[in-house]
Structures are given as structure tokens and as C-alpha cells.
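The figures that follow rest on heavy atoms only: side chains count, while hydrogens, waters and symmetry mates do not. For clarity, every value in this text was computed on a predicted model and none was experimentally measured. Chain identifiers are assigned alphabetically (A, B, ...) following the order of the sequence lines, protein sequences preceding nucleic acid strands; residue numbering begins at 1 within each chain.
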Amino acid sequence: MGERLLTITDLRIEGRADEQWIPIVNGVDLTLDKGEVLGLIGESGAGKSTVGLAAMGYTRDGVRIAGGSVEFDGIDLVNAPLMQKRALLGKRIAYVAQSAAASFNPAHKLIDQHSEAPVRHGVMRKGESEEDAIELYRRLRLPNPEEIGFRYPHQVSGGQLQRAMTAMAMSCRPDLIIFDEPTTALDVTTQIEVLAAIRDIVEQFGTSAIYITHDLAVVAQMADRIKVLLRGDEVEEAPTRQMLEAPQEDYTRSLWAVRSFKRPAKPAPAADAVPVLSVQNVTAGYGKATVLRDVSFDIHEGRTVAVVGESGSGKSTAARCITGLLPPRSGQVELDGQALPLDYRNRSKEQLRQVQMIYQMADTALNPRKTIGEIIGRPVEFYLGLRGKAKRARVEELLTQIELPPGEFIDRLPSELSGGQKQRIGIARALAAEPKFIICDEVTSALDQLVAEGILKLLARLQDDLKLSYMFITHDLATVRAIADEVVVMKDGEVVEQGPKADMFTPPHHPYTDLLLSSVPEMDPDWLSELLAERGRDNLGDAAVGSMD
Amino acid sequence: MSSVAKIIGQRLLLGLLTLFVISVIIFTAVNMLPGDFAQAVLGQGATPEAVAAIRRDLGLDQPFLVRYWSWLSDMLRGDLGTSFAQANFATFTGNESQAGATVMAQIGPRFENTLFLAGVTAMIAVPFAVGLGILSALFRNSAFDKGANVFALTSISSPEFFLAYVLILFLAVLNPILPSLSNIYEGMGMGERLQRTLLPALTLTLVVTAHMMRMTRAAIINLLASPYIEMARLKGIKPMRVIVRHALPNALAPIINVIAINLAYLITGVVVVEVVFVYPGIGQLFVDSVKIRDIPVVQACCLIFAAAYILLNLMADIFSILSNPRLRHPK
Amino acid sequence: MSFWTWTLAIALAVFGGAWLMRALGRRLTGNAPYFRDMPYAVAFGYVAAVAAVIGGAVLWVQPNAVFFRWAVQGFVIAAALAFVFRLAGRHIGSEGTRKAFRTMPLTAAFGILTILVYAVLAIFAGLLAPYGQAEVFAQPNMLPGGDPASGGDPAHPLGTDQIGRDLLTRLIYGAQNTVGIAFATTCLAFLLGGSLGFLAAVIGGWFDNLLSRAVDVLMAIPSLIFALLLMTIASAWAGSERWLLTIYMIVIIAVIDSTRVFRLARAVGQNIVVMDYIEAAKLRGEGLRYLIFREILPNATAPLLAEFGLRFCFVFLTIAALSFLGVGIQPPLADWGTMVRDLAQFINFAAFSPLAAALPLMAAGAIALLTVAVNFVVDWVLHRSSGLKD
């Protein structure tokens, strides 16, 4: 590689909390050459965004650089006068934020925001900059490049906005762009277009970039080198291929290993077995809108059915129909061959007990004012009538089952627990009812990978021990691979395809399943290039999006 | 644009409906009075025949709905009825010129005076409060911001009459700069009128400014925390331009909202302040009429206050709809 | 005209001084980052603050600036008391309260101290006041100060009112009546608005719609105006039974204010109702009572408590305003709003007897002080709970 562009040495950053300064980043070193892309990865709280912003000489409110230096092309960004820093930002260092929808000003047209930096920095005149914007939009394969810039942010879809933001970052042809999780908020099929567009344009202009993400597979496609952070400390750094093939540190290895968890396949249920839960021709919606159309699937004892789909596919609505929160317009739900009343208010206590639910956000699923003992104890008391010592004994037993030491946790409040522990309490509350069937609604999507793996393993073990049946709602195909016995693929409120897992992951598929499967990034650094070659550039992008909107 | 027109149309209709319901409430409330108007007009010693005569005259022997309808249609024509206590009223205030025959004659000029007072207040308070709010948002958590916050909390918490008497003490009694009584009459010169209105206007300014400043500050801080402001800074835009170009267009709606809400608040504040300064406005008339139970005047004032209040809130609504880009440029 | 020239000169001096200070700072510190990156507005702020302190000092030595000196002394004493109180709070009490005191701003400490003092005054008014609140003495309109030479009497340090009642006594009893009645009214408003608001949030549907529309309409009438209208009618109902009017006032203000409480309780309730733990409880088959009392209420205490403080201030000010206008708390009960109105004319004697002029301000200030105190505490509580979120 060529010349050195950015050198960060012993960077220490502190954040203000509870009237005192607490370290967030403890002495990170980082170098970047011209034309190089560095991937910065880590789980939540690793300080990767903070480091990314510090590379621009910028800290958010309540955060300060406590020590170390940031040197960009010979300029000391920590001590430079504000005026000098301001002259660099937008012109030589640009930023692409995670949420494009929130980072575009709702009051101005895209192209006006695009040309602001070039005009203000005296790089181009307004007219030139607008022509250039259209050219960039074209290169980023935005639909209607001549026209799209004259729209307001809310008139443009998320994936397109993210590309428009990349174009905006490119407006002054900067030397360095910081990409801060630019595809995290997008669906997989949209993510792939944005990734391809970003990679192409960075290559075309030979721009250096720092690519921040928590997704290993994504960073493998984008970066030349990868640096792993953990709680503000550097774990290791290596060129991408080397890092993927032979990670040195235990932490890195464990990150890599998560993706390999896979439970063995179970034998198919007997042909005449009565399913624990059967959804039959359910159609449902809110108000005039129909969200679910003629959906049917069965879940047998001791098995896991994964319901997969992108946002808006109706998978959560299906769960609401099963629990009776949203009575379907037509069709029915059977438990053990018996039709359940459509509205949960008409169901018996016994029927309610058999169907339990685990939620995506453990934060909102546990009452913050109740102790763990009260949260788990309530269903024990409510359904099984246990009180006093018997109740406490049962709660302790449940806590042991979810691998948390009872003595330590029973009197704590949810706010004192970590995300993974909270999710385990959610599981224990569902188990306390001693149900046959549990709906798991995106239970791992808010968790870091390592923690998520622990939860999946726990759920798999509980299933074997207690013969539970799961309906597993997720958008993440890696999770499906890990835990499902059968898969139901949903799109726009309809079931596109369903069957045993093995069938689903081997061709031929329904075209949508195919698109979904092939869009999931893989750990292979060549995956994106191969996929693009296979799909053909023109086919990618908006043809696919158009069919999806 | 049609969707904006539709939403505004809906709001206007809702405002009218609310006003209608309020007129029903006011009318019903007044009809819950023990005895009736006739008794009240003539006092305890009236003969039954005289009471019956007045009842006929005033139409009090008609059913409730008929009376309501005739009251409402009179109101709509601008006929606010006859103040049946005008004679008493004139002696009460010692001002013979007030002894007009109709409520309209009493309210008309006073309403104008109140509008003048509110107008002067708004002219001082709005730029002052909005400016102060923006400044304390920009320099939040500084000594200036904390000082402004303490000032605002103190003046929000003080009753209007406390602020009024403190101002009288300092600006009228100890340092005779302004008159402590605001006796305004028709045909007065503009300069003198302004001078006599200044003290009540300053009192109201103190009350309203505090609210407006705090709300403006909150709105701006909320805005400055949005990612697009950070984005603008990261594009190397100068702070002044970040404020003018990126914050202000989005701040307009909340700020206009704040102003309208506080102007509506002025309507309540005006009552006490007018009494303290003996300012001949509608608020003072209202309080006097309450004391002597001059029902037609109380009813009319109430309806005027409510109408003004609804109108201002409606304007706040409409402005925030108009300034929302999502509604102005639909998909 | 000299007033305006002075103003202009001072403004120019401050503007110039700010520029000069920043330039000097840069020069003397060798362009240290602090001065280098200092916006002009910050420099202006510093210089203006210095100018204000100098101005205050000049005013302090003026012989006739009695009220200014009182105000400054009062402010300093209040700050000192609050500081001592906070210091005590940091070392006495349970671990939780000590921790709270450690991060408490001075304003909040002052607020808590003031509320405590008012509470003591209100509860023990009968013991603390030298006389009965309706007791009439021989000499009306006695000047305050307790100096017989200037027409006072040491037995009545604050003098007597127009019919000869001891003013100190009435000021102390005012705490009991005004604060007590406002407190009772706020409690009633919360009982009414709070329970209906939570029910509307949990039940939803037509029940929520009906109540919300009704509240919208009631809130479209300015509250003081509505209160005055209803008080007109109430005074007719009460006739000569004056105490009945006070009861009516409590009910009227409570009803009007409950609309605001309803709005808040409903909003807070709705925020909680959408939580997954409420859904979990519903799906478990829990009843309405369990949902409201066990799941929702424990999570709504902090915002409701803050709102209670704000509503109390509002009710307190409304009652004071009504009394000031002569339609609120009725004699012979002593109350601050009425006292202000009765003593207001004394303000014109400020030049001869500052203490007499201070009498109406004392009663009005007593009202202001309590609301300021409550507002300070609420502001701190709100800031704390919002700060804990992020």
C-alpha cells in the first residue's frame, strides 16, 4: 500500500456519567494508508463508533479525548484550531451515518444537502456540484438519478437514502470516509445492494475508509484489514484473509465460532401425529389493511418451526393471531387438535397456560419495578397455585434450569442484569407456566453474537429436556440454520414456501427464498464479488427492490 | 397540498365544534343558578307579578332549548344581550360612561383595550423569550443557562399579582418612572396610552417569557440532538449556518407552537393583571361582573375568552401542520 | 435622556470589553486553546456578569436602596441555609438519601428545606401563631415594626389589619388555610383525573374516546375563566353560607384541574400499556385490577409525583388568584391571596415605611416562595429521571 494517511496513537476517550469521567476507549492505536479500507468490528459497547468519530477529531456531547493523538495527513486533529478542523470535515474526511433517514435534514432536498459541503468548502459551484451529484447517483445505481436528488428525504426509501448519503460523503472526493454501520438498519436483500455500491465507489475513487460494523461477514466483504475491539481495548488486528483463516485471540475465535453452532436434525414426525399447534387458513389485518393472507402451518411436539421474512412480511402478526391478541378475520388456530377461541379473552386459563411467549426486547418484557423472584413467581402462583415456600422453591428450580445461580438473582431487579441474563429471565417466565408451546419472537436479534449463541443453546437444551415446541420468528438465516427443524418463509403476509430445513437450504427454491438465502453475507471475502458476478450487476439492485417494495 | 388543506379543514371544523359545545356548557352552567334571572334582577323584595312580567320580557318562560337557540343566534349576530345590572355596575365602578344599555356597549371598547395590552405584551415578550430560549439552548449547562433557568422557574412560580406589586414598588413608587394605575380613556394620545399600558404589559411579559423561554429551549435542545445536526457539523459547516440552515427550518414549528400556546396563556393572565392596575379591559369587567353576578356579561366574556383561546390553539396547530415537510411534500 | 445615554455607554463598554478580554487572553496565554476557540458570546457573557456585579455593588451603597439590600440579604441567607441543609443531608440519614443529597443542586436543597418549613408552619399553625386567626384587637391599621414611637406595638410585630386582626398570626394561619386547601384540592384532582386516566389507557376503545373528547372540550376553556364562571354560580348556591363556598371552590378547581391530570395519567399509562410485560400479563389472563395496581402504577410513580408538584403549584396559584380577586377562600379564614388584596394600598408608603410596604409583598412572596420551592424540586426530579435514561 501507499502513503500513510491516518495515524492514531494511544487514543484514550472518556465519557461523562454520574458526574464523573469514565473511560470508554483505553489506548487504541490505528493506522491507515491511502486507498486502504480498515474494518473496525466489535460488539455493542466496544467503542468502535467513538473511535470512528475521533478519527475525524470529533467527539459527541459528554465525551472527551483524554489523551493520545490523531494525526491526519500531518495535521494533529486533537489540538488543531476549530477553524482548521472544520475546513477538513466534509472536504477531506467525510462521514456516513447508521441511520440515513435520521441523518438527512427533513426540511431540505437531497441534492441541496449534497452540494452544501462542496459549495461551502469552495470546491465546486452549486451547478457543478448538482451535475456531479447526478453522476454519483448514477454510479451508485440509484433509480432515476436525474430526478431522485430533487426529492425530500421522507420520499425516498431507506436503502436508497443510504446510497444517497454515500454520494454526499463523496461530494468533495474526500481522502477518508468513515462508514458507521451503514447497513445495520436494512433488510438483507437491501443491504447487499448498498454494500456493493459502497465497495464499488470506494474502489473507483481510491478513497481510504474505516468501515465500522458488528457483522463479521459484512466486514469480510469490505475491508483489507480488520481490527477487533472489545470494551474499548484492541483485541487484535490482521489482514482480512489471515484474520478469517487464523484468528489469534480467544475472543476473536469465539466470535468466529458462533456461526458454526448447529443442532443435529431430528427425525420427521409420524404422519398421523396431531400437531401441538396448527394454524389453518388464517387471514388477519388491522383496520382496512390486510396483513396476513391465508396462512397455514403446523408445529409438532418437540420441534422448532422457524418463521422467516423481512420486516413487514407479517411474521409477528402471525404470532399475535396465535396468542389471540389479534383475532383473525377467518381461519382458526388449533391446540392439540382443539380449536382455540380466537380472542385471548375468551380462552380458558389452561389454554392460556399452554401457549407462552418470549419477546425480542427483554428490556420491555420485564417489569422494571419487580424483582426476578416476583416476575417468575407470578405465573407459578397464578397457574399452579403454589405459594410461599413451594413457590420460592419452584422459582429457584427454574433459575437453575436457565443456568443462573438462584441465590444471587432471585431478589434482584431487571435493571441490574445484562441483556443476555434478562432474556434468560424471559425464558424462565415462559417455562414457569409449564407450557407445551412457546413463541420466540426475534429473541436473539437484540443481543451480541456470543450471548445470542448461549440463548440458542439453552433453548435447544430445554426443548430436549421438556419436549417443548417452538415457533421461532426471525429475520436472520444463520439462526434458522442453527436451530430450526422446519422453515416457513413469509413475504407480504403470505407463506412463500415451507418445509423441512434440509429441503429449504438445498435448491430448487422459490425465487424469493433464493434471493433471501443468497443475500445473507458469508464469511468468505470473495462472496460478494462472486455473487455479483453470478447475479449480474444490472440484475441486482433496483430490479429486486422494485419487486419488493 | 390537498392533504394539508384537508387536515386544516378538519381542524377548523373541530375548533368550531368545540366552541359550540362550550357555548352549550356555558349556557347550561348559568341555567343551573338557583332562582332565575328575573329574581336576580329585581332582588328579594320583588312582587311575583313583577317577576313574571320580566320573565316574559326576557323570554325566561320558554323551554331550555328555545332559550339556548335564541341566545346563540343573538350572539352570532353580535347582540350579546342586555346587562341587567348596568345601573348597579355603573355605580360600582363609579364610571357613568360605562352605563351602556347593552353588553356589547360595555364589552366593545374594553375588548379593544385588552387586545392592545396583549399586543404590547406580545411585542415585548415574543422576541425576548425566543431569543433567550435559543441562547440558553446553545449555551446549555453554562452559568448563563442555569441563571436563566432559575429566573424562569422563579417567575413561573410567582403569582401575577406578586410580580405586579414588585414592579409597582420599584418602577412606580420608589422610582416614579411609570404610573401605577392604568386609567385609559378614549381619545387618549398613543404615547401616553403606551406609557400607561407599559407596567401591566411588563408584568405579563415576565409571566409569559418564562414559559416561552423554557419551551423554546427544550424544543431547540431536542432538535440539536438530532443526527442531521451532527451530520451538518461533520460536513464542516460553520456553527451559525448549522443553526440557520439546519436547525431553524425544523425549529419553526415548535417555536410557533410555543408562541401560540403562550399567547393563549396571556388570556388568563390578563384577568389578574387588569385588576391590579385597574386597567379598563375585558378581564376586569369579567371579575366585576362575577362579583355582582351580572350573568349576560359573564356569559359573553366567558365565550369571548374561550373563543380567543381556541383560535390561538388552532393557529398553533395549523402552523405546525404547514411547516411539516412531510405534509407539504407528500410522497 | 441621561438614562438612555448611560444604558448605551454601558452596553458599548461591555461589547468592547468582551472583545478586549478575549484578545488579551489570547495574547497573554500565548494563544491557549481555551481563548483561541472561545466564541465571542462566551466572552461577552463573562464581561456582562462582571458588569452586573459592579452594578449591584454600586446599588448596594445607595442610601435609599432598602429593598435591594433586603433582597440581596434574603438571597444570601437562603443560599447559606440551603448549603448548610445540603451539607447536613450528605452526612445524616440513610444511604439512599445521602446519595441523593450528594448530587443535588443548591436550588433543589433550598426547595426541600422551604417545603419542610411550610409543612411545619401549616401543621403547627395553632401552636406557633401568637393569637387566634379571627381575634380582633382594639387598634386597626397598626404599623408594623413594633416600635411604639412610630405607632407600633411590640405585641404585634407586623401590625394589625383594617379591622384590627394581628397580621403575623394571619400570615402563619395563611400557611394552614391556603396550603392545606390547595393540597386537598390537588389530591382530589389526582384521585379523579388519575384513576380515569389509567382506566382510559388500559380499557381504551370507546371509553377512552369518550373521556378524551370530553376532556379536550373542557380544556379548551381557560381554567381561571372557567373557575370564575363556576364560582359565580357557586356563590349563588352558597348564598350566605360562606364556608360552603370554600368547599365548592375545592370541588370546582379539582374538577377543572383533573382534566390536566387525566391527560398526563393517560399518556403515562399508554406508554406503559404498550410494554411487552403488560402484554405478557394480559396473555397470562390477569384481571384489570392486577394490571393497574401491580403492573402499571409502580412504573408511573415518578412522573406522577413530579406532576403532583406541578399541579399543586398550579392549584395553589389559582386559589391565590381567586382569593385575590375576592371570590376564593372566604373570611374569617386567613389566607394570603386575600391579605395581598387588603394590604395592597400600603405599597404606596414605601418611601416612609418600607416595612409597611413590604407587608403585601410578604403575603404574595409567601405564595411565590412555596411555588418556587416546589418547582425547584420538581425540576431536579425530572432532570434526574431523564438523565438516568440515557
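- Neither the backbone nor the side chain of M83(A) has a heavy atom closer than 4.5 Å to any heavy atom of chain B.
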Dump the intermediate steps for side-chain contact (heavy atoms from CB on, under 4.5 Å) on L234(B) and L53(A), then the final yes or no.
-> CA-CA 9 Å; L234(B) 289 173; L53(A) 286 170; 3.8 Å; yes

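- Contacts between R241(B) and chain A at a heavy-atom distance below 4.5 Å involve the side chain alone, from C-beta outward.
- For the pair R245(B)/H108(A), a side-chain contact is recorded, criterion being any heavy-atom separation below 4.5 Å from C-beta on.
- For the pair N105(A) (side chain) and Y228(B) (backbone), a donor-acceptor distance under 3.5 Å is absent.
- Other residues, nucleotides and ligands place more than 12 heavy atoms under 6.0 Å from the CZ atom of F139(B).
- The 12-atom threshold is not exceeded at CZ of R125(A), counting heavy atoms of other residues, nucleotides or ligands nearer than 6.0 Å.
- Each of R60(A), R151(A), K85(A) has some count of heavy-atom pairs under 4.5 Å with chain B, and the biggest count is that of R60(A).
- Annotation for W69(B): atom CH2 does not count as buried by contact number, only 12 or fewer foreign heavy atoms lying within 6.0 Å.
- Heavy-atom minimum distance, Y58(A) versus R233(B): OH-NH1, 3.7 Å.
- Ranked by heavy-atom pairs under 4.5 Å with chain B, the first of A102(A), A117(A), G90(A), A94(A) is A102(A).
- Put simply, of K91(A), E116(A), H121(A), the one with the most heavy-atom pairs under 4.5 Å next to chain B is E116(A).
- Put simply, the side chain of Q113(A) reaches to within 4.5 Å of the side chain of K235(B), judged on heavy atoms.
- Summarising the geometry of R120(A) relative to I237(B), their closest heavy-atom pair is CG-CD1, 4.0 Å, with the distance given to 0.1 Å.
- In this structure, the portion of Y152(A) lying under 4.5 Å from any heavy atom of chain B is its side chain and not its backbone.
- Atom CD of E112(B) has 12 or fewer heavy atoms from other residues, nucleotides or ligands within 6.0 Å.
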